[in-house]
Number of protein chains: 2
Amino acid sequence: MATIKDIAKQAGVSISTVSYALNGSPKVTNETTERILAIAKELNYIPNAAARSLKTRETKIIGIFLTDFNGAFYGDLLQGTKDFLARKGYELIVCSGKQSHWMLPERMIDGAIILDVTFESEELVRYADRGHKLVVLDRELSHANINQVLLDNKAGATLATEHLIEEGHRKIYAVTGPGSSYDSKQRLQAVMQVVERNAGIELIVMEGDFNKEGGELAAKRIMAESEEGLVSAAVFCFNDEMAIGMFNYLAEYRPDIRIGEHIHIVGFDNMELASYSQPRLTTIDYSKHKWGALAAEQLVKLINGDTVEHERIYVTLLKGKSVGPGN
Amino acid sequence: MATIKDIAKQAGVSISTVSYALNGSPKVTNETTERILAIAKELNYIPNAAARSLKTRETKIIGIFLTDFNGAFYGDLLQGTKDFLARKGYELIVCSGKQSHWMLPERMIDGAIILDVTFESEELVRYADRGHKLVVLDRELSHANINQVLLDNKAGATLATEHLIEEGHRKIYAVTGPGSSYDSKQRLQAVMQVVERNAGIELIVMEGDFNKEGGELAAKRIMAESEEGLVSAAVFCFNDEMAIGMFNYLAEYRPDIRIGEHIHIVGFDNMELASYSQPRLTTIDYSKHKWGALAAEQLVKLINGDTVEHERIYVTLLKGKSVGPGN
DNA sequence: TACAACGATAGAAACGTTTCGATTCGAACA
DNA sequence: TGTTCGAATCGAAACGTTTCTATCGTTGTA
């Protein structure tokens with residue numbers, strides 16, 4: 001492994017000159033630079049990232065932390081983040097799991113985007129206190145070194161709920177995420193506000209888990225509740241995955257129930273999977289690519305010491321065929 | 001940012017003693033170790049990864065390189081890799097895109113798992129020549145520092161093709177991946193072998209792209225070919241994603257065509273998405289978790305200097321409802 | 001009592017860069 | 001011809017660890 005030292009020796013110059021040359025500094029004559037570059041190539045020189053970042057105190061790597069890798073959901077978001085970072089000269093790495101957290105404090109990465117419930121807010125604040133730059137996508141957190149880019153959960157949940165009401169539904173099931181989820185809490189709050197504003201709406205809240213299993217379970221319970229002579233049920237699943245779980249349960253165990261006719265379902269996220277559902281799931285849509293890109297942009301600004309405002313990702317209602325008029 | 005030096009000063013010992021203590025070396029008395037650990041905690045000491053790996057020449061990080069992040073497909077595989085590596089004290093990071101490649105030669109990672117067509121084999125060999133350890137999942141590559149863990153493509157393609165033949169189909173469409181794909185080439189070869197072994201089978205090969213678009217396009221072409229009085233068509237899509245694309249095209253443009261009745265489709269991969277298709281897609285299944293774990297295991301062995309054999313992931317035919325008997 | 005052996009700790013070099021503050025040398029100027 | 005200036009290059013320190021070798025003091029042994 002050739003080092004800068006070997007190049008210096010071969011070229012008959014000092015290591016500082018080699019370093020300047022390799023970094024394209026104008027301090028060095030073009031002539032010398034070229035000679036050094038040629039020798040570097042000849043020796044198969046490759047810089048050592050550890051040495052460089054020990055000195056510069058940066059790695060030009062950004063980490064994004066996800067709760068898990070089962071991210072049919074995250075593809076676009078990651079792509080958006082990566083695209084933006086690439087333009088700014090940063091690398092993106094994707095990490096998951098509590099045991100990966102060390103990369104931030106130990107300075108393996110220059111900053112992090114958090115979409116990962118295994119990070120406790122307290123932990124994040126501790127890192128921010130040490131000067132690490134963070135962008136959180138899944139919680140509210142106020143700190144000079146932390147920026148947040150959040151979904152407009154309330155708008156989304158409001159759109160979804162109002163849609164069900166407009167279609168004439170009077171009894172609404174809300175299948176939430178886990179109680180600890182920020183997004184879920186926000187959505188539930190909005191749902192309750194809508195229900196309050198509209199007289200005569202009955203709201204039944206069921207705690208879900210943001211996974212298919214939660215949707216299946218909720219479907220089962222809803223079916224059990226309306227045992228005889230099913231009254232048209234309207235369900236707002238707080239994410240698409242649970243909605244899909246509900247579709248699955250119904251397809252398997254209750255082929256007599258037709259979605260969009262006997263039961264009405266709205267999701268949240270418009271994940272790719274949702275576009276394959278039969279009938280097409282009605283859901284809350286937003287640009288995941290933009291979300292990722294914006295998060296990256298905010299993080300880079302933080303790292304550069306620019307001031308940043310918290311940002312919000314706007315959402316729209318995407319009407320599929322899974323909601324029909326109530327009776 | 002406290003360093004080992006600060007701890008040494010505070011504790012009144014040398015930095016070497018601190019280093020030993022922090023690493024739990026038996027050279028240091030328990031008493032001293034405890035005192036040092038206490039001071040380290042008090043000073044909020046966190047080791048510097050760059051300094052450590054400059055010295056030790058390792059980072060304890062493994063990278064897995066994917067062609068893109070749209071990996072509904074990869075979740076289980078990544079989980080398998082991560083689980084195994086965690087047990088061995090390694091971190092997993094996921095990377096994508098040509099501009100990430102530097103992490104390997106610049107020693108930001110101790111080894112890499114490659115499932116990424118943007119890595120050219122020549123490039124990989126160059127790295128292996130420099131001593132980097134690699135496991136490839138998407139090509140055959142012979143090198144002391146490279147191990148391969150490949151799908152049993154031929155077995156899978158054979159199973160799929162024979163299944164169609166057994167069901168009585170005589171005209172088989174094969175929708176391949178891009179011509180450059182190793183997996184695709186292997187599968188096609190096996191298909192052709194099966195066709196050769198069975199008299200009277202007509203094989204039509206269409207080049208696809210492993211994406212939904214390719215499946216849609218193929219569906220369109222197949223429909224166009226069999227314009228009038230559709231003869232029962234049997235299609236082997238070389239991956240599920242194209243099969244799903246085909247489902248989509250048919251659902252949208254040819255609701256008169258029933259899958260499993262007028263057209264018969266086999267996929268490859270058994271991705272999660274496939275389990276939601278209507279009717280359930282018949283496909284080639286294998287354990288992605290095991291694939292990822294095995295790749296990780298081989299890589300760790302390579303890094304430890306153990307000798308390793310190339311491995312193969314076995315596949316099975318998963319019968320859904322997308323293939324029915326031919327006429 | 002003297003010495004070997006050993007356990008605990010200290011010292012220092014090394015890993016491969018970057019970068020600040022010299023130094024050198026030739027050209028331009030007075 | 002001597003001085004100054006600037007461009008090109010050099011030297012050395014520093015980043016924060018790990019680890020080899022040296023030192024020191026104590027204990028056990030002859």
Side-chain angles (χ1 to χ4, degrees), chain A residues 1-37 39-40 43-61 89 102-110 130-131, chain B residues 1-37 39-40 43-61 89 102-110 130-131:
Chain A
M1 298 299 99
T3 73
I4 225 178
K5 234 181 236 173
D6 302 314
I7 301 177
K9 195 175 294 173
Q10 179 104 2
V13 297
S14 72
I15 62 163
S16 47
T17 303
V18 175
S19 176
Y20 287 131
L22 290 175
N23 291 310
S25 158
K27 294 176 148 194
V28 183
T29 356
N30 285 339
E31 202 183 2
T32 322
T33 300
E34 270 169 38
R35 191 158 49 91
I36 289 175
L37 257 38
I39 293 174
L43 295 182
N44 273 318
Y45 170 75
I46 293 197
N48 180 305
R52 191 198 311 117
S53 68
L54 173 59
K55 193 65 188 152
T56 62
R57 310 171 141 278
E58 60 178 23
T59 59
K60 287 292 176 184
I61 300 176
W102 65 269
M103 297 211 199
L104 184 62
E106 300 197 9
R107 315 196 87 93
M108 194 89 262
I109 56 180
D110 290 348
R130 291 181 73 95
Chain B
M1 300 300 99
T3 73
I4 226 179
K5 233 182 238 172
D6 302 314
I7 302 177
K9 195 176 294 174
Q10 179 104 3
V13 299
S14 72
I15 61 163
S16 46
T17 304
V18 175
S19 176
Y20 287 131
L22 290 174
N23 291 311
S25 159
K27 295 177 147 194
V28 183
T29 0
N30 284 341
E31 202 183 1
T32 321
T33 299
E34 271 170 36
R35 191 158 50 90
I36 288 175
L37 255 39
I39 293 174
L43 295 182
N44 273 317
Y45 169 75
I46 293 196
N48 180 306
R52 191 197 311 116
S53 67
L54 173 58
K55 193 64 190 155
T56 62
R57 309 172 142 278
E58 61 178 22
T59 59
K60 287 290 177 186
I61 300 176
W102 64 270
M103 296 210 195
L104 183 62
E106 300 197 11
R107 316 195 86 92
M108 193 90 263
I109 55 180
D110 291 348
R130 289 181 73 95

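Naming convention: chains lettered A, B, ... in sequence-line order (proteins, then strands); numbering from 1 in each chain.
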Taking OP1 and OP2 of [N], is either one under 4.0 Å from a side-chain nitrogen or oxygen of [X]?
X        : N       : answer
Asn23(B) : dT18(D) : yes
Arg57(A) : dG16(D) : yes
Thr17(A) : dC10(D) : yes

Send over the distance from [X] [atom1] to [N] [atom2], rounded to a whole Å.
X         : N       : atom1 : atom2 : value
Tyr20(B)  : dT21(D) : OH    : P     : 10 Å
Tyr45(A)  : dG16(C) : OH    : P     : 10 Å
Leu54(A)  : dT17(C) : CG    : P     : 12 Å
Asn30(B)  : dT9(C)  : CG    : P     : 10 Å
Lys60(A)  : dT17(C) : NZ    : C1'   : 16 Å
Arg107(A) : dT17(D) : CZ    : C1'   : 15 Å
Glu58(A)  : dT19(C) : CD    : C1'   : 14 Å
Met108(A) : dG16(D) : CE    : P     : 15 Å

- Which nucleotide, dG16(C), dC10(D), dT17(C), lies nearest any side-chain atom of Val13(A)? dC10(D)
- Message: I'd like to check Arg107(A) versus Thr59(A) (side-chain heavy atoms, cut-off strictly below 4.5 Å). Are they in contact?
- Response: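 A side-chain contact under 4.5 Å is absent here.
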- Query: Taking side chain as C-beta onward, heavy atoms only, is Ile46(A) less than 4.5 Å from Glu106(B)?
  - Reply: yes
- Does Ala2(A) or Gly12(B) map to a spot on DNA chain C nearer the 5' end, using the closest nucleotide for each?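 Between the two, 5'-proximity favours Gly12(B).
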- Task: Report the C-alpha separation of Leu22(A) and Tyr45(A) in whole Å, then their side-chain angles, then the decisive distance to 0.1 Å, and conclude whether the side chain to side chain contact (heavy atoms under 4.5 Å, CB included) test is met.
- Result: CA-CA 10 Å; Leu22(A) 290 175; Tyr45(A) 170 75; 3.6 Å; yes
- Give the minimum heavy-atom separation between Ile7(B) and Ala40(B), together with the two atoms involved. CD1-CB, 3.7 Å
- Distance-minimising heavy-atom pair for Asp110(B) and Lys60(B):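 In terms of heavy atoms, the two residues are closest at OD2-N, 2.6 Å.
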Report, one pair per line, the protein and nucleotides 4-8 of chain D atoms (nitrogen or oxygen only) whose separation is under 3.5 Å.
from   : atom 1 : to       : atom 2 : distance (Å)
dA8(D) : O3'    : Thr29(A) : OG1    : 3.3

- Note on the structure: Between Ala51(A) and Ser14(A), the residue closer to the 5' end of DNA chain D by nearest nucleotide is Ser14(A)
For nucleotides 12-14 of chain D, give me every protein contact, N/O to N/O, under 3.5 Å, one pair per line with atom names.
from    : atom 1 : to       : atom 2 : distance (Å)
dA14(D) : N3     : Lys55(A) : NZ     : 3.1

